[in-house]
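Heads up, the thing below is written out as structure tokens.
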Amino acid sequence: MRELSLNILDISMNSVKAGATEILIELIENETDLVFKIVDNGKGMTKEFQKTVTDPFTTSRKTRKVGLGLPFLKLAAEQTGGSLTISSKTKDESTDGSHGTEVVASFKKTSIDFTPLGDITSTIVTLVQGSPEIDFVYHHKVGETSIKLDTKELVEVLGDRSMLTAPEVLMWISESLNEQYDSIGYIKY
Amino acid sequence: MKSLAELAAIRDKMKDKVALREGVNTTRIVVGMATCGIAAGARPVLNAFVEAVNEAGLAENVTVTQTGCIGLCQYEPIVEIYTPKSEKVTYVKMTPDKVKKVVEEHIKGGNIVTEYTIGNE
């Protein structure tokens, strides 16, 4: 993947496929490190599946016997000196009824192999466009400042969830995020 | 800064349009958004379709949706188009530039852009 935001899109798609109704995408960044976390309340993965999930020959898809999403991300993180951690719980394994998956990837920005974040705005817009039924919370902390988007707030204003996919609304989301990034002078590439 | 008040204004402007949209969606554009598609450039292709359809004033009867892996990863980004007039058309190795032509000629004009279809590969 040429941009980290593409990995973020790809991994979030797993949460969508896992039947999540809420997906949190959180990025925490300072001068030297970037950590992103994707947390969902989807069906979760069994212990057994988790053990093999970063192996390219493990996949949930039916059209191919290989799945490269998590292996790609693991490689991208580790080649910078960072790491990938996955924790997950299915309904059956849960003691309190909660279930879902958390993927945390950390990167050393100082590494020559660090992939820039890229067009994260497009990633968020793409997720909302594809799954308006899901509540997305996006939060990017950059030092002391932060960029935020919570689709629940937008639905409250719009009244109707299906309006999230209207081109005008997608444009609003895109401009809102880009303005927030511009206001802190963030460089995505 | 973009405000929620602006969003409310968009909502009010759109209310009538949404009522109109029910049941008249006749054309579907489906973009493959699995790992293979994303790595090959499906994200800008999807967003280009959303924009081009809107600019062409077709947002009321054309929907742009996403799907998983179509199974032909080497041809990604793949886009399938379903119109009432023709069978499914599969476009391969799509780019935002090709999107403009497909919307103009196929979606708007009803003529399949054969040179971008899978049969031409």
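In the text below, chain A, chain B and the rest are named by the order of the sequence lines, each starting its count at 1.
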Residue, of B/Val64, B/Val31, B/Thr65, B/Leu7, that accumulates the most heavy atom pairs under 4.5 Å with chain A: B/Leu7
Top of B/Ser3, B/Ala42, B/Ala40, B/Ala8 for chain A proximity - count of heavy-atom pairs under 4.5 angstrom: B/Ser3
Between [options], the one whose heavy-atom pairs under 4.5 Å with chain B are most numerous:
{"options": "A/Asp119, A/Val125, A/Leu170, A/Val169", "result": "A/Asp119"}
{"options": "A/Ile11, A/Ile173, A/Asn7, A/Leu9", "result": "A/Leu9"}
{"options": "A/Glu156, A/Met13, A/Glu153, A/Met171", "result": "A/Met13"}

Please flag which part of [X] lies under 4.5 Å from any non-hydrogen atom of chain B: side chain, backbone, both or neither.
{"X": "A/Ser5", "value": "both"}
{"X": "A/Ser174", "value": "neither"}
{"X": "A/Asp182", "value": "neither"}
{"X": "A/Leu177", "value": "neither"}

Checking heavy atoms, do the side chain of [X], its backbone, both or neither come under 4.5 Å from chain A?
{"X": "B/Thr67", "result": "neither"}
{"X": "B/Val53", "result": "neither"}
{"X": "B/Leu46", "result": "side chain"}

Check: A/Tyr186 ring centroid to A/His140 ring centroid under 6.0 Å: yes
Residues [X] and [Y]: side-chain donor-acceptor under 3.5 angstrom:
{"X": "A/Tyr181", "Y": "A/Glu179", "result": "no"}
{"X": "A/Asn178", "Y": "B/Lys2", "result": "no"}
{"X": "A/Ser162", "Y": "A/Asp160", "result": "yes"}
{"X": "B/Thr35", "Y": "A/Asp10", "result": "yes"}

Salt bridge (charged side-chain N to carboxylate O under 4.0 Å, His left out) between B/Lys101 and B/Glu115, worked out: CA-CA 11 Å; B/Lys101 195 166 171 182; B/Glu115 55 176 314; 2.7 Å; yes
For residues 97-113 of chain A, dump all side-chain donor-acceptor pairs below 3.5 Å to protein atoms at least two apart in sequence or in another chain.
from, atom 1, to, atom 2, distance (Å)
A/Ser98, OG, A/Lys89, NZ, 3.1
A/Ser98, OG, A/Asp96, OD1, 2.8
A/Ser98, OG, A/Asp96, OD2, 3.4
A/His99, ND1, A/Gly42, O, 2.6
A/Thr101, OG1, A/Ser88, OG, 2.7
A/Ser106, OG, A/Ser83, N, 3.1
A/Ser106, OG, A/Ser83, OG, 3.3
A/Lys108, NZ, A/Asp33, OD2, 2.7
A/Lys109, NZ, A/Glu29, OE2, 2.8
A/Lys109, NZ, A/Asn30, O, 2.8
A/Ser111, OG, A/Asp113, N, 3.0

Residue pairs involving residues 38-58 of chain B (criterion salt bridge (Lys or Arg N to Asp or Glu O under 4.0 Å); sequence neighbours excluded): A/Glu3-B/Arg43
